[in-house]
**Q** 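Sharing a structure, written as structure tokens. Questions coming.
Naming: A, B, ... by sequence-line order, numbering from 1 per chain.
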Protein chains: 2
Amino acid sequence: MARTKTYKSNVKAAIHETAQGLLEAGLIDKHTMRRFDQSCLTPVRKFTADEIRALREREQVSQTVFAMYLNVTKDSVSQWERGDKRPAGPACKLLSIVAEKGLSAIA
Amino acid sequence: MARTKTYKSNVKAAIHETAQGLLEAGLIDKHTMRRFDQSCLTPVRKFTADEIRALREREQVSQTVFAMYLNVTKDSVSQWERGDKRPAGPACKLLSIVAEKGLSAIA
DNA sequence: TTGAAATATAGAACCAGGTTCTACATATTT
DNA sequence: AAATATGTAGAACCTGGTTCTATATTTCAA
């Protein structure tokens, strides 16, 4: 497409270009996202019980300390690692951040 | 207290010194946290509906985009800002990070 | 070695957070 | 004018997150 529009239009174009993939993948809801500042959201992985445990052990912290970083109870971490329960949306986001950037990213 | 113990003991001492405050404040559970690596956890604030809205508007994003960053649905963000529901542990942690470091910190 | 603290498992019960859906109301763009 | 983006509203559902108790093992200090 030709880039001869106003600044806002270019931003909008950039938005759609970067987000359209997510949209088509069904990862985000239908419309929206004007002014989506250029940054690309890191995709949020799903974590198995073992992956969560491996992640925590990689960071060399106990369940209790790990829980403190995530602002969750130690029981929740235990339940995740045992496969008793699975982390929800925000918790998965935090786990993704830790997986990619380490615990210090959410200190 | 005298600092004449081994390295591990000093670490432990540092742990207790930094975490004892939280412990005494009743913010963390009883014992624990050996090897708490020196970093200090940023305290997780509680957010009112208005604060959440102000935070989002400060970042200049729509509810939908804000929700994407937090890995939550746009409805949840709307419910938070209306006071219909309140963000839980992990969600509050993410909000705290955004409040202090901006949206880019969780991109 | 003895005891206290740290760490992790297990299960149960409860509540509210997060999801999904629909419908409606305004802007804002094209 | 038509289409899109944005936000409100409410309801229903489900499970995540909390809290509690109890138990087992390990680690550490006296």
**Q** Any side-chain N or O of B/Ser78 below 4.0 angstrom from OP1/OP2 of D/dG7?
**A**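 Answer no for this pair, as no side-chain N or O of B/Ser78 is under 4.0 Å from OP1 or OP2.
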**Q** Below the 4.0 Å mark, does C/dG18 have OP1 or OP2 next to a side-chain nitrogen or oxygen of B/Thr73?
**A**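 Answer is no, no contact under 4.0 Å.
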**Q** How many whole angstroms separate atom NZ of A/Lys93 from atom P of C/dT19?
**A** 13 Å
**Q** Please give, in whole Å, the distance from C/dG17 P to B/Phe47 CZ?
**A** 15 Å
**Q** Remember a base hit wins even if backbone is also touched, and classify B/Arg82 as base, sugar-phosphate or nothing at under 4.0 Å, heavy atoms.
**A** base
**Q** Rounded to the nearest angstrom, tell me the gap between atom CG in B/Asp84 and atom C1' in D/dA9.
**A**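 Distance, rounded to whole Å: 9 Å.
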**Q** B/Gln63 side chain: which of C/dT19, D/dG17, D/dG7 is closest?
**A** D/dG7
**Q** Can you measure B/Lys85 atom NZ to D/dA11 atom P for me and round it to whole angstrom units?
**A** 12 Å
**Q** Would you tell me if any nitrogen or oxygen in the side chain of B/Trp80 comes within less than 4.0 Å of OP1 or OP2 on C/dG18?
**A**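 Yes, because at least one side-chain N or O of B/Trp80 sits under 4.0 Å from OP1 or OP2 of C/dG18.
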**Q** Within this structure, what is the CG-to-C1' distance between A/Leu94 and D/dG17, rounded to whole angstrom?
**A** 14 Å
**Q** Which pair of heavy atoms, one from A/Ser96 and one from A/Phe47, lies closest together, and at what distance?
**A**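 Taking A/Ser96 first and A/Phe47 second, the nearest heavy atoms are OG-CE1, 3.5 Å.
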**Q** Side chain of B/Ser62: nearest nucleotide among D/dG7, C/dT7, C/dG18?
**A**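 Of the options given, the side chain of B/Ser62 lies nearest D/dG7.
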**Q** Check the phosphate of C/dT7 against A/Arg56, side-chain N and O only, distance under 4.0 Å to OP1 or OP2. Yes or no?
**A** no
**Q** Quick one: does A/Leu70's side chain get under 4.5 Å of B/Lys93's, heavy atoms only?
**A**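 Not touching, per the 4.5 Å side-chain cut-off.
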**Q** Ignoring the backbone of A/Val72, work out which of D/dG17, D/dT18, C/dG17 is nearest its side chain.
**A** D/dT18
**Q** Under 4.0 Å from OP1 or OP2 of D/dA9: is there any side-chain N or O of B/Gln79 that close?
**A**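 So the side-chain polar atoms of B/Gln79 never come under 4.0 Å of the phosphate oxygens OP1 or OP2 of D/dA9.
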**Q** Could you tell me how far apart A/Asn71 (CG) and C/dG17 (C1') are, to the nearest whole angstrom?
**A**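 Roughly 14 Å, once rounded to whole Å.
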**Q** How many whole angstroms separate atom CZ of B/Phe66 from atom P of D/dT6?
**A** 15 Å
**Q** Going by heavy atoms in the side chains, are B/Phe66 and B/Val72 under 4.5 Å from each other?
**A**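 No. Closest side-chain heavy atoms not under 4.5 Å.
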**Q** Whether B/Arg53 contacts D/dT8 is assessed here as follows: a side-chain N or O lying under 4.0 Å from the phosphate OP1 or OP2. Is that the case?
**A** yes
**Q** Would you mind telling me which of C/dG18, D/dA9, C/dG11 lies closest to the side-chain atoms of A/Asp75?
**A** C/dG11
**Q** Would you name the heavy atoms of B/Ala105 and B/Ile97 that are closest together and state the gap between them?
**A** CB-CG2, 3.9 Å
**Q** Using every non-hydrogen atom in the two residues, find where A/Thr64 and A/Lys74 come nearest and quote the distance to one decimal.
**A** OG1-CD, 3.7 Å
**Q** Once you round it to whole Å, what is the distance between P of D/dT18 and CG of A/Leu70?
**A**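 Atom-to-atom, A/Leu70 to D/dT18, this comes out as 10 Å.
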